**Q** 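The following block contains the structure, expressed as structure tokens.
Here the structure is a predicted model, which is why all the values come from computation and not from measurement. Proteins get letters first, then strands, A, B, ... in listed order; numbering begins at 1 in each. What's counted below: heavy atoms across the whole structure, side chains too, no hydrogens, waters or symmetry copies.
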2 protein chains.
Amino acid sequence: MEEHLEKLRASGRKVTPRRKAIIQLFLQEQGDLSPQDVQEALSGTTGQFGLPGIYRNLEILTTCGILFRVVTYGGERRYALCKAGHGEGHHHHIVCIACRKVGKVSDCLYKDGMMVEGFRLVSHIVQLNGLCESCAREKNDLSALQELRQQG
Amino acid sequence: MEEHLEKLRASGRKVTPRRKAIIQLFLQEQGDLSPQDVQEALSGTTGQFGLPGIYRNLEILTTCGILFRVVTYGGERRYALCKAGHGEGHHHHIVCIACRKVGKVSDCLYKDGMMVEGFRLVSHIVQLNGLCESCAREKNDLSALQELRQQG
DNA sequence: TTACCAAATGGAAATCATTTCTGTTTAGAG
DNA sequence: CTCTAAACAGAAATGATTTCCATTTGGTAA
Ligand SMILES: [Mn+2]
Ligand SMILES: [Mn+2]
Ligand SMILES: [Zn+2]
Ligand SMILES: [Zn+2]
């Protein structure tokens, strides 16, 4: 937590109860959350919590590198914690489509500034979706079970 | 064009004047377009053209592999033509942030089904943004010019 | 400790992209 | 040519996100 607050201070932002509550929430959750998820999870905990403030803060925390915005084709807004263990280097993320757990992906072909197919790369988005170990195992167990049943 | 219409037929969709007009538009344009862009470009050309129909058709044409949806952090909706030359193989796209020209990116570390960081990959998004050759040159010329001016 | 002010806040309201609905038209098969 | 599912336009609903504004507050400096 302290480490994340430091990022806030480093970027000239105030440390407020709201922001601490949001970071705390993401530290508890293992996965990504929508602004609505955040509101529901926090309602009651620290009095009311307006959605506009949540949108604002999620974006600010992302700017500070505390959160990252998960990329989806539909553009649905979801954020997750860029964990302390992820370090400072360039990396991307993989999200489990079942339990929403987040993993760090270090391998990347791209570095902004390099040439790609005749273009000078300015920015790049890489977002992976998959099944984490435990969810993959669950899914396998389930399909094995169904197979057994079908055989009678 | 005929090649694109074939994709429509192959997926059991009807070939309508609207769809032809949309494909025609993307063939003329070199870049990506928002639903609004499409409506503006097509208004007048073929009578009225309702936005709901445009949303529907852009999505359908994407399903058929004629268009692809450009990925943005903000989730803004933009589509571009997956050119005939791009072939059938797995590929991604790079878009020029200045002129919106689209290039094909064949190199990709990922193949759905493979293991990545302990996750089984289910899907992946790769979207590059850059400057195409001509726009990069323009930008360089401009900055060179400004440099000269500053030196007096 | 206190005073101060830019930053942060909540809530109401506005915005605006997207979807839903409905009645009409049409592409394409038979 | 006839018929039907698919496609269509337009009006209206929806709902996520933003804007606005009056109030509060964190952090700095006296
Ligand atoms: Mn990270
Ligand atoms: Mn393509
Ligand atoms: Zn990268
Ligand atoms: Zn790929």
**Q** Between atom OH in B:Tyr55 and atom P in C:dC16, what is the gap in whole Å?
**A** 13 Å

**Q** Is any side-chain nitrogen or oxygen of B:Arg18 closer than 4.0 Å to OP1 or OP2 of C:dT26?
**A** no

**Q** Can you check the B:Glu59 CD to C:dT20 P distance for me, whole Å?
**A** 12 Å

**Q** Would one find a side-chain N or O of A:Arg77 under 4.0 angstrom from OP1 or OP2 of D:dT17?
**A** yes

**Q** Rounding to a whole Å, what distance do you find between B:Leu8:CG and D:dA7:P?
**A** 9 Å

**Q** Which nucleotide, C:dT18, C:dA12, C:dG28, lies nearest any side-chain atom of A:Pro52?
**A** C:dA12

**Q** Using atom CD1 of B:Ile54 as one end and atom C1' of C:dA17 as the other, report the distance to the nearest whole Å.
**A** 13 Å

**Q** Would a distance-only check, ignoring hydrogens and angles, find a side-chain to backbone donor-acceptor pair under 3.5 Å from A:Arg120 to A:Met115?
**A** no

**Q** For a quick test of reading the model: is some side-chain N or O of B:Arg13 closer than 4.0 Å to OP1 or OP2 of D:dA7?
**A** yes

**Q** Nearest nucleotide by nearest heavy atom, which residue falls closer to the 5' end of DNA chain D, A:Arg56 or A:Gln36?
**A** A:Gln36

**Q** Rounded to whole Å, how long is the line connecting atom CG of B:Leu51 with atom P of D:dA7?
**A** 19 Å

**Q** Can you tell me how far CD of B:Gln24 sits from CD1 of B:Ile22, rounded to the nearest 0.5 angstrom?
**A** 12.0 Å

**Q** Give a yes/no verdict on a cation-pi contact between A:Arg18 and A:Phe49, requiring under 6.0 Å between NZ or CZ and the six-membered ring centre and an angle within 45° of the axis.
**A** yes

**Q** Taking atom P of C:dT18 as reference, at what distance in whole Å does atom CG of B:Leu58 sit?
**A** 10 Å

**Q** On DNA chain C, check which nucleotide each of A:Arg19 and B:Arg9 is closest to and give me the residue with the more 5' one.
**A** A:Arg19

**Q** If you measure from CZ on A:Arg56 to CD1 on A:Ile54, what distance do you get to the nearest 0.5 Å?
**A** 10.0 Å

**Q** Starting from P on C:dA12, measure out to CZ on A:Phe49 and report it in whole angstrom.
**A** 16 Å

**Q** For B:Lys14 and C:dT26, what is the distance between atoms NZ and P respectively, to the nearest whole Å?
**A** 11 Å

**Q** Side-chain polar contacts of residues 101-112 of chain B - donor-acceptor pairs under 3.5 angstrom, sequence neighbours left out - could you list them?
**A**
| unit_1 | atom_1 | unit_2 | atom_2 | d |
| --- | --- | --- | --- | --- |
| B:Lys104 | NZ | B:His86 | O | 3.0 |
| B:Tyr110 | OH | A:Asp107 | O | 3.1 |
| B:Asp112 | OD1 | B:His124 | ND1 | 2.8 |

**Q** With a 4.0 Å limit, can you tell me whether B:Thr16 has a side-chain N or O closer than that to the phosphate oxygens OP1/OP2 of D:dC8?
**A** yes

